[in-house]
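Everything below concerns the one structure shown next.
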Amino acid sequence: MWLDSHCHVTADEFAEDRDAVLDRAESAGVETLIAIGSGYGIEHNARAVKLAGADGRVHAAVGVHPHEAAELSDALRAKLTEWIAQPRVVAVGECGLDYHYLHSSREVQRSVFAEQLALARRSDLPVVLHVRGDEPNAFDEVLDIWRAESGGALEGVLHCYTGTLAFARRALDSGLLISFSGILTFKNDRGLRDIAKALPLDRLLVETDAPLLAPQGFRGKRNEPLHVGLVGEALAAVHGLPAEEVALVTTGNARRLFRLDS
Ligand SMILES: [Zn+2]
Ligand SMILES: [Zn+2]
């Protein structure tokens, strides 16, 4: 019933019990998940591709996280092209801009992000976008690059949303979907629930970003795809809808974005 649209189940944190984690998720109604290959080193994408090939519950996204942008070499570009061509790879990403940590320079981040949007166009795949940082405004820049490079031909989702309501509306106007993580359940959500309430459900996804961002009640612990239902229940509560309905709509949104039924 739920779909975890963004998790890192190939991270070392799951090395000991990955199958049990996937089984637990499935028993709780999380039958499908998108394993994001980037964010833990570019070579790490290979693990997501392999897991997706071996486990029918898993699809993969392949890309270069802004933290890793400075790592990208021609040899890794060739590997990315190879990985992206695999049948159970359903998206490019996560990619984007992160001006909070600046593990790669802003310039390199911008060019590697634009390069991946071009790759997504060539491969005819949707994009998973990551954005963080205020000065200068990574949110504005991510949208500028998205508009310039997508040419209206790309679909994508802004994952783990933490921006303003005004920016969320601009992102929706630019054709993006928005995904909420466990932050939506935090006691101090910094206004995120109000933002989620004001957005149309038919443009929203839910995710865990596991092993990070465990929901309220599990904070400080390892997060896992099982908990995506708690994010969905928080979203259902702000919209005043039954959780089942929100599960149906958000799972449908994700299945359409990642074209899981075609
Ligand atoms: Zn991210
Ligand atoms: Zn992530």
Side-chain angles (χ1 to χ4, degrees), residues 3-14 18 21 25 30 32-49 51-52 58-72 80 83 89-104 106 109-110 112-113 116-117 120 125-134 138-139 141-143 145-146 156-163 167-168 171 176-184 186 190 192 204-215 222-228 231 254 257-258:
L3 187 153
D4 187 353
S5 68
H6 188 117
C7 57
H8 299 268
V9 281
T10 53
D12 288 341
E13 283 84 343
F14 297 107
R18 186 167 297 113
V21 164
V30 187
T32 306
L33 50 88
I34 311 296
I36 306 293
S38 69
Y40 293 75
I42 297 175
E43 292 277 5
H44 198 110
N45 280 294
R47 295 197 200 177
V49 173
L51 181 64
V58 181
H59 299 268
V62 166
V64 181
H65 193 283
H67 292 339
E68 306 156 345
E71 261 183 63
L72 185 58
L80 275 177
W83 291 324
V89 173
V90 295
V92 171
E94 60 184 291
C95 57
L97 302 177
D98 195 312
Y99 292 170
H100 185 75
Y101 289 112
L102 280 176
H103 293 324
S104 303
R106 293 182 179 90
Q109 288 189 37
R110 285 192 287 261
V112 169
F113 176 43
Q116 285 176 92
L117 296 182
L125 286 174
V127 185
V128 177
L129 288 85
H130 168 109
V131 60
R132 189 165 182 204
D134 301 320
F139 284 80
E141 291 187 13
V142 112
L143 210 50
I145 295 171
W146 170 261
V157 57
L158 207 50
H159 105 92
C160 192
Y161 193 68
T162 55
F167 183 83
L176 288 164
L177 303 183
I178 285 177
S179 177
F180 288 103
S181 70
I183 298 172
L184 200 63
F186 289 1
R190 289 186 248 153
L192 203 58
L204 304 182
L205 308 186
V206 287
E207 66 172 84
T208 59
D209 208 12
L212 303 175
L213 294 175
R222 182 187 71 171
N223 195 9
E224 47 176 271
L226 160 76
H227 293 318
V228 74
V231 181
L257 173 68
F258 296 115

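Both ligands and their constituent atoms are indexed starting at 1 by order of listing.
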### Task
Tell me whether Cys7 has at least one N, O or S atom under 2.8 Å from the Zn ion (ligand 2).
no
### Task
Measure centre to centre between the rings of His8 and Tyr40, then say whether the value is under 6.0 Å.
yes
### Message
Is the ring pair Phe139/Phe167 parallel, tilted or perpendicular, if the boundaries are 30 and 60 degrees?
### Response
perpendicular
### Task
Find, among atoms of His130 that are N, O or S, the one nearest to the Zn ion (ligand 1), and state its name.
ND1
### Query
If you stand at the Zn ion (ligand 2) and look out to NE2 of His6 and NE2 of His8, what angle do those two lines make, to 10°?
100°
### Query
Distance only, no hydrogens: is a donor on one side chain within 3.5 Å (strictly under) of an acceptor on the other, for His44 and Thr10?
yes
### Query
Would His159 count as a contact for the Zn ion (ligand 2), in the sense that one of its N, O or S atoms lies under 2.8 Å from it?
no
### Query
Taking just the N, O or S atoms of Asp209, which one is nearest to the Zn ion (ligand 2)?
OD1
### Query
Roughly how far, to the nearest 0.5 Å, is the CG atom of Leu205 from the CD1 atom of Ile178?
9.5 Å
### Task
Could you tell me whether the side chain of His103 reaches within less than 4.5 Å of the side chain of Asp98, counting heavy atoms only?
no
### Task
Among the N/O/S atoms of Glu94, select the one at the shortest distance from the Zn ion (ligand 2) and name it.
OE2
